[in-house]
Amino acid sequence: MLARPRDFEALQERGAIRSNALLAARTLRTENGITRFGLATGRTLGSAVVRNRVRRRLREAIRSMLPSLRPGWDVLLIARPAILGADHQAVMQALRRLLAKGGVLDEEVR
RNA sequence: CGAGGCGGUCGGAUGGCCGCGCGUCGCGGGGCAACCCGUCGGCGUGAGGAAAGUCCGAGCUCCACAGCGCAGGGUAGCGGGUAACUCCCGUCCGCCGAGAGGCGAGGACCAGCGCCACAGUGACGAUGCCGACCGAGCCUUCGGGCUCGGUUUGGAGUGAAACGCGGCAAGCUCUACCCGGAGCAAGGCCAAAUAGGAGGGCGCAGCCCGGUUCGCCGGGCGACAGGCGCGCUGCCCAGCCCUCGGGUCGGCCGCAUGAGCCGUCGGGUGACCGGCGGCCCCAGAUGGAUGGCCAUCGCCGUGCUACCGCGAGGCGGCGCGGCACAGAACUCGGCUUACAGGCCGCGCUCGCUGA
RNA sequence: GGGCCCGUAGCUCAAUGGCAGAGCAGCUGACUCUUAAUCAGCGGGUUGAAGGUUCAAGUCCUUCCGGGCUCA
């Protein structure tokens, strides 16, 4: 469910970007039939402990909306500092909006 | 009782639902097999005392290497511990503290070089002032006074330090001892596609012109075989096939049993060492596994409040907020730094009080 | 994960161990109708932090903090 260095470069160059207060997302269609996620947590977020926690919470949010994803997308999620103070509900909502806008989320489930 | 000192130790607990990494068993699939794969299920297991900073020291791996020296870097009372250390223990000395105690890169100005600002006569080259002493000259009321030169056993003053075998080596340096370089992105193995390399095999047709050292070379014409999936037309070209090694993407190993932990006995002032017995063997990721939601309890802060007490306060109930520093990445031994709140020990200290 | 470098005024940089400076920028005044330029003057620093060596530390030593580069 994760991407390799080459895929990150592709997302940086050609991915469509959308963002809100908590997150930014780059999305890119692929041909390999599965949807993959990459998580970016920069040094400005905080220490290793803080960055690990942010990634875990994002993974949990992604997991809970796994069934309603469309196949064939690469998604890079970039965490923004405001996510540190957000609770789980807020993270879920932010992620759902970004994915729906990008067309990664299935319309009916939305 | 209060204030401290030293050493050690813990660093939230229990449970529910969902989820993750690794190991193992089962099931299913692939393969002759070794083994590999997973939308699956069961069981087991899963961060620290600092995992951190990367400041030292080792193991391990590759490279280099006859020996010795030079260069470069490091260490520095003395003795011991250790695989090793800049670490640890003991002890001497110096400094700090009222004390328990803490801190210390603590060898040598012997050889050479350098530095010692300001102040001060003078900072290593010396001798200014007062005084004392010696000598010479002048004056004299014969008590002595003045001037000049010399000496430094005294004094004042400046300064961190004042002539003394000066001080400074966390200045160069000297002395003694130690050190080869890189680092797990080390290094090893497997190994696509494309291109290129080596070896072998197969295949081709020659003719003409020019040059020639008679080995061949250059140009032109031509097209059997070969290639474009096959046939014809057409087009292309000197190759085509096999094997081998290097090597990129990618994958696997290295990769977790170790200077290991616990108990006990013995030796040693101690660091530590030795014997015996036991051990659930206790994380192994590779975009990097511990999370999400919730309940109960514990601790801390805060607000309201019942009761007890003259009072400082004590003891309950309820609500809200919080629970430190921080996340393994080849592995150990140290050091340093960060850290809410506790617990234990001392035949350690000081103060007050009581017997 | 490993290796290496840097840190002085708002900015760019100096300073044999001996009172921390230069240029630009800033402020005040002059010149000008005004601005720019020019001239005169002024302020501004825990030398990243804390210890140590020294009579004396930006400089020497140690430990932290912050920033940057690099590897296949």
Side-chain angles (χ1 to χ4, degrees):
Chain A
M1 264 298 158
L2 299 156
R4 304 213 53 86
R6 193 177 299 117
D7 303 322
F8 279 87
E9 279 176 40
L11 277 163
Q12 284 293 339
E13 285 171 15
R14 299 193 300 275
I17 186 160
R18 290 179 181 75
S19 65
N20 58 33
L22 303 184
L23 289 169
R26 283 183 177 272
T27 53
L28 186 65
R29 260 193 106 60
T30 59
E31 302 300 321
N32 52 17
I34 56 168
T35 291
R36 302 182 299 177
F37 284 90
L39 303 174
T41 49
R43 302 268 303 225
T44 49
L45 284 176
S47 64
V49 175
V50 172
R51 283 179 273 131
N52 281 345
R53 172 151 41 247
V54 169
R55 279 202 301 276
R56 285 168 185 152
R57 296 181 63 193
L58 285 174
R59 256 199 295 275
E60 178 67 21
I62 292 167
R63 190 183 65 82
S64 63
M65 56 183 69
L66 216 50
S68 52
L69 291 176
R70 288 176 165 172
W73 287 89
D74 275 0
V75 183
L76 174 63
L77 292 177
I78 301 155
R80 295 186 153 182
I83 203 171
L84 298 178
D87 62 11
H88 187 62
Q89 287 298 317
V91 174
M92 288 283 290
Q93 196 176 17
L95 180 61
R96 183 173 292 117
R97 280 187 183 158
L98 287 179
L99 293 183
K101 274 189 186 174
V104 184
L105 212 56
D106 208 323
E107 298 291 334
E108 295 146 28
V109 185
R110 179 187 175 189

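In what follows, chains carry the letters A, B, and so on, assigned in the order in which the sequence lines appear, proteins first and then strands, with residues in each chain numbered from 1.
When the P atom is compared between rC261(B) and rA271(B), the two are found 16 Å apart, to the nearest whole Å. Only the P atoms considered, rG3(C) is 27 Å distant from rU59(C), to the nearest whole Å. Using P as the reference atom, rG53(B) and rU286(B) are 22 Å apart when rounded to the nearest Å. rG303(B) and rG313(B) have their P atoms separated by 14 Å, given to the nearest Å. Straight-line distance between the P atoms of rG167(B) and rA162(B): roughly 11 Å, to the nearest whole Å. Rounded to the nearest Å, the gap between the P atom of rG8(B) and that of rG90(B) is 12 Å. Separating the C1' atom of rA170(B) from that of rU75(B) is a span of 13 Å, rounded to the nearest Å. Look at the P atom in both rG131(B) and rG155(B): the space between them is 16 Å, to the nearest Å.
Between the P atom of rG291(B) and the CD1 atom of I83(A) lies a distance of 17 Å, rounded to the nearest Å. Straight-line distance from the CG atom of N52(A) to the P atom of rG287(B): 15 Å, rounded to whole Å. Atom CZ in R59(A) sits about 5 Å away from atom P in rA289(B), given to the nearest Å. What separates CD1 of I62(A) from P of rG291(B) is a distance of 17 Å, to the nearest Å. What separates CZ of R63(A) from C1' of rG291(B) is a distance of 9 Å, to the nearest Å. Straight-line distance from the CZ atom of F37(A) to the C1' atom of rC20(B): 17 Å, rounded to whole Å.
Classification of rC165(B) as syn follows from a glycosidic angle within 90° of 0. Base orientation of rG263(B): anti, the glycosidic angle falling outside 90° of 0. Applying the 90° criterion around 0 to the glycosidic angle, rC282(B) comes out syn. rG49(B) takes the syn form, because its glycosidic angle lies no more than 90° either side of 0. Anti is the classification of rG203(B), since its glycosidic angle lies more than 90° from 0.
With respect to R57(A) and E60(A), no salt bridge is recorded, no charged nitrogen being found less than 4.0 Å from a carboxylate O.
The side chain of R57(A) lies closest to rG292(B) when the candidates are rG327(B), rA289(B), rG292(B). For R56(A), whose side chain is taken as the heavy atoms from C-beta onward, the closest listed nucleotide among rG292(B), rG19(B), rA289(B) is rA289(B). When each of rA289(B), rC18(B), rG292(B) is scored by its nearest atom to the side-chain atoms of R55(A), the top-ranked nucleotide is rA289(B). Comparing atom distances between the A48(A) side chain and each of rA328(B), rG291(B), rA47(B) picks out rA328(B) as nearest. When the nucleotides rG291(B), rG327(B), rC293(B) are ranked by their closest atom to the side chain of E60(A), rG291(B) comes out on top.
Rounding to the nearest 0.5 Å places CG of L22(A) at 10.0 Å from CG of L84(A). Note that the CG atom of L95(A) and the CD1 atom of I62(A) stand 6.0 Å from one another [nearest 0.5 Å]. Considering CZ of R55(A) and OG1 of T41(A), their distance stands at 4.0 Å, rounded to 0.5 Å. Going from atom CG of L98(A) over to atom OG1 of T27(A) covers 9.5 Å, rounded to the nearest 0.5 Å. Of the inter-residue distances, the one linking I78(A) atom CD1 with I17(A) atom CD1 reads 5.0 Å to the nearest 0.5 angstrom.
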